2 protein chains.
Amino acid sequence: MKIIYSKFHSLENEKQERIINAALKEFAKNGYHKASTNEIVKEAEISKGSLFNYFNNKKELFLFLLDYVANVIEQIYDEVNWNEPDFFERIRQLGLVKFKVYKKFPYAFNFLKALSHEDAAEVKPAINKLKKDMVESGLERGYQNIDWTKFREDFDREKVINIINWTMLGFAEEYMNRLDSIEDVGMEILHEADEYFEILKRCFYKKGER
Amino acid sequence: MKIIYSKFHSLENEKQERIINAALKEFAKNGYHKASTNEIVKEAEISKGSLFNYFNNKKELFLFLLDYVANVIEQIYDEVNWNEPDFFERIRQLGLVKFKVYKKFPYAFNFLKALSHEDAAEVKPAINKLKKDMVESGLERGYQNIDWTKFREDFDREKVINIINWTMLGFAEEYMNRLDSIEDVGMEILHEADEYFEILKRCFYKKGER
DNA sequence: TATTAATATGACCCGAGTGGTCAATATAGT
DNA sequence: ACTATATTGACCACTCGGGTCATATTAATA
């Protein structure tokens, strides 16, 4: 049975986002149990009473976030062109869409990542369901339609893919650390990422491929 | 002024390690403020009274750990052969030594990493000092004596180094996630890492270099 | 504008958990 | 046997947790 959270949804958008971001941040940082609703209402600039008016309790708030984030991810996947055959162009697109999400919900990915270490029994089943759904709908699409013939054949493909992904992850993290605030990520990040793509292409594509 | 913690140091080694690891784990996971001394004594299998006998209070315990970890890192650096000119051999060695430390203090690196996000005012100055010292003594040595002529010259060297490092970091993390417990890391990890080195060498070294 | 309905507020509740203490106990040394 | 040292965990004062609710503020209706 699906809960509708009508109280919350009839709020102005900006307030909704403030609450979502505050909650994502707090849960991501501290996990379900140690996350403080006091901290959330302070960050979201609403009163305690309001929060518990929109969501009956902490657990409902958390479950709402799970669902919300799942939808956001779903949306990301829908925006990507899964027919693009060039591997680098594909992850570039994925990066771009993720970047847009990041601007709106800076803590969504941290929240998602933290889920894997979550051990609160009350929310574990919901988390496992989310994971299952994401693997099914996500990895299913995964790298379909990619033109692997562009790649050199003398390397283990899985390892090459890992190197490329870890490079992007490492770059993104290092880039974030360079900034003072998580909020002021600019478009420059993509230019710099492209320079890494350029190197990796020349390493892993056959000569002459672009 | 340096505190000696004589009470603690006259304990049997095994007990010292149990306490250190329990404390590192708790602080790494929860940060200074939210770390619980109750949790630490439970994990270390000592009584509350004992902990506060060895260390007068939470802050002293934390400062002790800072100092201890700094020394461990220092030791790592001393074990590495800084004359080895081959870049990959060098970080392989570093990995090996880190691996040894990891077996003894599984949470030391998590603890160190968590320090950068620590915001407890009571311990901030000590953390900053540690960071300063580590950058000075560590990055100083850094990549000295490396034979850079082995590398292709048509790539930006800094970016290449980043790719290699991020690959190793990504690999290590992925490897850890594959394991059930942080404790059962085996030597196989090095063999698998070597396979990545092989790929990266063929990418970034000039033809014919090994 | 007066009245009602809907929202938003934060002081307050009680239970859980905090860092830290200390009289009582167990162990070791002589 | 006696003393000195090491260890224990019940206990304390206090903070902070999720959640409530009477009151205050705003919006809607007339």
Side-chain angles (χ1 to χ4, degrees), chain A residues 3-20 22-66 118-123 126, chain B residues 3-20 22-66 118-123 126:
Chain A
I3 308 175
I4 292 299
Y5 306 107
S6 54
K7 298 243 191 64
F8 179 76
H9 282 114
S10 58
L11 259 43
E12 41 191 323
N13 266 342
E14 194 266 340
K15 197 184 225 177
Q16 289 189 28
E17 278 187 25
R18 249 165 41 221
I19 296 172
I20 289 170
L24 286 176
K25 182 176 178 179
E26 181 70 8
F27 280 122
K29 208 199 289 180
N30 300 110
Y32 179 76
H33 270 132
K34 304 210 176 195
S36 159
T37 51
N38 289 330
E39 205 53 47
I40 293 173
V41 299
K42 202 195 297 169
E43 175 97 11
E45 293 177 281
I46 61 169
S47 71
K48 191 96 165 275
S50 285
L51 183 65
F52 283 90
N53 181 28
Y54 310 145
F55 308 95
N56 294 319
N57 50 50
K58 196 183 185 180
K59 186 178 172 185
E60 268 192 20
L61 169 60
F62 188 86
L63 295 182
F64 164 78
L65 288 178
L66 273 189
E118 183 60 67
D119 57 351
E122 302 110 291
V123 292
Chain B
I3 309 174
I4 292 298
Y5 307 107
S6 53
K7 298 244 191 63
F8 179 75
H9 282 114
S10 58
L11 260 42
E12 41 191 326
N13 266 342
E14 193 266 340
K15 198 184 228 178
Q16 289 190 30
E17 277 187 26
R18 248 163 44 219
I19 297 172
I20 290 171
L24 286 177
K25 182 177 178 179
E26 182 68 9
F27 280 121
K29 210 199 287 182
N30 300 110
Y32 179 76
H33 270 132
K34 304 208 176 195
S36 158
T37 52
N38 289 329
E39 205 52 48
I40 293 173
V41 299
K42 202 195 297 169
E43 175 97 10
E45 294 177 281
I46 60 169
S47 72
K48 191 93 165 280
S50 285
L51 183 67
F52 283 90
N53 181 28
Y54 311 144
F55 308 95
N56 293 319
N57 51 48
K58 195 184 184 178
K59 186 179 173 185
E60 269 193 20
L61 169 60
F62 188 86
L63 295 183
F64 164 78
L65 289 178
L66 273 188
E118 184 58 69
D119 57 351
E122 303 109 291
V123 293

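This structure is a prediction, so every number in the text was calculated from the model and none was measured. Proteins come first, then strands; the chains are lettered A, B, ... in the order of their sequence lines, and each starts at number 1.
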To the nearest Å, give me how far apart [atom1] ([X]) and [atom2] ([N]) are.
X: A:Asn53; N: C:dT9; atom1: CG; atom2: C1'; answer: 11 Å
X: A:Leu11; N: C:dA6; atom1: CG; atom2: P; answer: 16 Å
X: A:Ile40; N: C:dT9; atom1: CD1; atom2: C1'; answer: 18 Å
X: A:Glu12; N: C:dA8; atom1: CD; atom2: P; answer: 8 Å
X: A:Glu45; N: C:dT9; atom1: CD; atom2: P; answer: 10 Å

**Chi angles and distances behind the side-chain contact (heavy atoms from CB on, under 4.5 Å) call for B:Glu14, B:Glu17** = CA-CA 5 Å; B:Glu14 193 266 340; B:Glu17 277 187 26; 5.9 Å; no
Applying a 4.0 Å non-hydrogen cut-off, can you work out what A:Phe55 is touching in the nucleic acid: base, sugar-phosphate, or nothing?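 Touches nothing.
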Inset, instruction - Please work out if B:Lys15 contacts a base, only the sugar-phosphate, or nothing of the nucleic acid, heavy-atom cut-off 4.0 Å. - result: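 If one applies the 4.0 Å heavy-atom cut-off, B:Lys15 turns out to touch the sugar-phosphate alone, with no base involved.
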Distances under 3.5 Å between nitrogen or oxygen atoms of protein and nucleotides 16-20 of chain C:
unit_1 : atom_1 : unit_2  : atom_2 : d
C:dT18 : OP1    : B:Ser36 : OG     : 3.1
C:dT18 : OP2    : B:Asn38 : ND2    : 2.9
C:dG19 : OP1    : B:Ala35 : O      : 2.7
C:dG19 : OP1    : B:Lys58 : NZ     : 2.8
C:dG19 : OP2    : B:Thr37 : N      : 2.9
C:dG19 : OP2    : B:Thr37 : OG1    : 2.7
C:dG19 : N7     : B:Lys48 : NZ     : 3.3
C:dG20 : OP2    : B:Lys58 : N      : 2.7
C:dG20 : N7     : B:Lys48 : NZ     : 3.0
C:dG20 : O6     : B:Lys48 : NZ     : 2.6

For the aromatic rings, using the six-membered ring if either is Trp, is the centroid distance between A:Tyr54 and A:Tyr5 under 6.0 Å?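 No, the ring of A:Tyr54 stays outside the 6.0 Å limit from the ring of A:Tyr5, centre to centre.
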- request: Hey, can you tell me if B:Phe27 and B:Phe62 have their rings parallel, tilted or perpendicular (30° and 60° cut-offs)?
  value: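 B:Phe27 vs B:Phe62 ring planes: perpendicular.
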### Task
Using atom types as modelled and distance alone, determine if a side-chain donor or acceptor of B:Lys58 lies under 3.5 Å from a backbone N or O of B:Ala35.
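At least one qualifying donor-acceptor pair exists.
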- Hey, is the main chain of A:His9 close enough, under 3.5 Å, to the side chain of A:Gln16 for a donor-acceptor pair?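 Looks like yes, one N/O pair under 3.5 Å.
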Identify, between B:Ser10 and B:Gly49, the residue whose nearest nucleotide on DNA chain D lies closer to the 5' end.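 On the 5' side of the pair lies B:Ser10.
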Handout entry: Positional range of nucleotides in DNA chain D within the contact set of chain A, heavy-atom, under 4.0 Å
Key =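 On DNA chain D, the outermost contacted nucleotides are D:dG17 to D:dC21.
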Might you point out which heavy atoms bring B:Tyr32 and B:Val123 nearest each other, and give the distance in Å?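 Smallest heavy-atom distance, with atoms named: CE1-CG1, 3.8 Å.
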- request: Scan side-chain atoms only and decide if B:Glu122 and B:His33 contain a donor-acceptor pair under the 3.5 Å cut-off.
  value: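 Side chains of B:Glu122 and B:His33: pair found under 3.5 Å.
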Does atom NZ (B:Lys34) have a neighbourhood of more than 12 heavy atoms from anything else shown, all under 6.0 Å?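 Atom NZ in B:Lys34 is packed in, count exceeds 12.
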Could you tell me if the side chain of A:Arg18 sits less than 4.5 Å from the side chain of A:Glu45, heavy atoms only?
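In short, these two side chains touch, coming nearer than 4.5 Å.
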